[in-house]
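Inspection log for the structure reproduced underneath, given as structure tokens.
Each residue takes its place number in the sequence, starting with 1. Every value quoted in this text rests on a predicted model; they were computed, and no experiment measured them.
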Amino acid sequence: MQSLPDHITEFVIEGITKSGEPFRTDSAVSSDEEWTKLLCNMLATTDEDGHTVYSEYLRPIIARGIPCVVVRADLRQADPETFAQVEKFATDNQLRVRAGRSAKPAAALSEERRDPGNNIW
């Protein structure tokens, strides 16, 4: 992965391939968004009631109707092995990766983060 600008604090792996097709797993996963939960479960825990508690570093979301995983950029330093697995998953499956939130609010408002041409990987 190319290095992220310092003002980028997170990035988003979208459930869309670089060719623009919805991402479909080859496994017997029950829904299009299950891959996000499986990826995020690498760092998830369960609370005393048995509910999944996602890490601050990896969390599943739905953005504009597309299943996505939000990855904090500092995961690379906090857990390099997990970061490498997440990066490998995104690259092996040719998924779009875009910048997420920014540490500089003005930059986040002015830059187009959802442009597929701004793919990080």
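Classified by interplanar angle (parallel below 30°, tilted 30° to 60°, perpendicular above 60°), the ring pair Trp35/Phe23 is perpendicular.
Every residue meeting the side-chain contact (heavy atoms from CB on, under 4.5 Å) condition with Glu21, not counting sequence neighbours, appears here in chain and number order: Thr17, Ser19. Remark: Gln94 engages no residue in a side-chain hydrogen bond (donor to acceptor under 3.5 Å, both in side chains) (not counting sequence neighbours). Take Ser55 and apply the side-chain hydrogen bond (donor to acceptor under 3.5 Å, both in side chains) test, not counting sequence neighbours, and it matches no residue. Looking at residues two or more places apart in sequence or on another chain, you find a side-chain contact (heavy atoms from CB on, under 4.5 Å) between Arg59 and Glu10, Tyr54, Val70, Arg101.
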Please report the C-alpha distance between Thr82 and Leu58 in whole Å, then the side-chain angles of each, then the deciding distance to 0.1 Å, and finally whether the side-chain contact (heavy atoms from CB on, under 4.5 Å) criterion is met.
-> CA-CA 10 Å; Thr82 299; Leu58 289 174; 4.2 Å; yes
Tell me which donor-acceptor pairs under 3.5 Å the side chains of residues 38-50 have, and how far apart each pair is, sequence neighbours excluded?
| residue | atom | partner | partner atom | Å |
| --- | --- | --- | --- | --- |
| Asn41 | ND2 | Lys37 | O | 3.2 |
| Asp47 | OD1 | Asp49 | N | 3.0 |
| Asp47 | OD1 | Gly50 | N | 3.0 |
| Asp47 | OD1 | His51 | N | 2.8 |

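Between Asn93 atom CG and Arg24 atom CZ the span is 13.0 Å, to the nearest 0.5 Å. Here the CD1 atom belonging to Ile13 is positioned 9.5 Å from the SG atom belonging to Cys68, to the nearest 0.5 angstrom.
Shown here for Pro60 and Thr36, the closest heavy-atom pair between the two residues is CB-OG1, 3.6 Å. Pairing each heavy atom of Arg72 with each of Glu56, the nearest pair is NH1-OE2, 2.9 Å.
Heavy atoms of other residues, nucleotides or ligands lying less than 6.0 angstrom from CD of Glu81 number 12 at most.
Side-chain contacts under 4.5 Å among hydrophobic residues (ILVMFWY), followed directly or transitively, place Ile66 together with Ile16.
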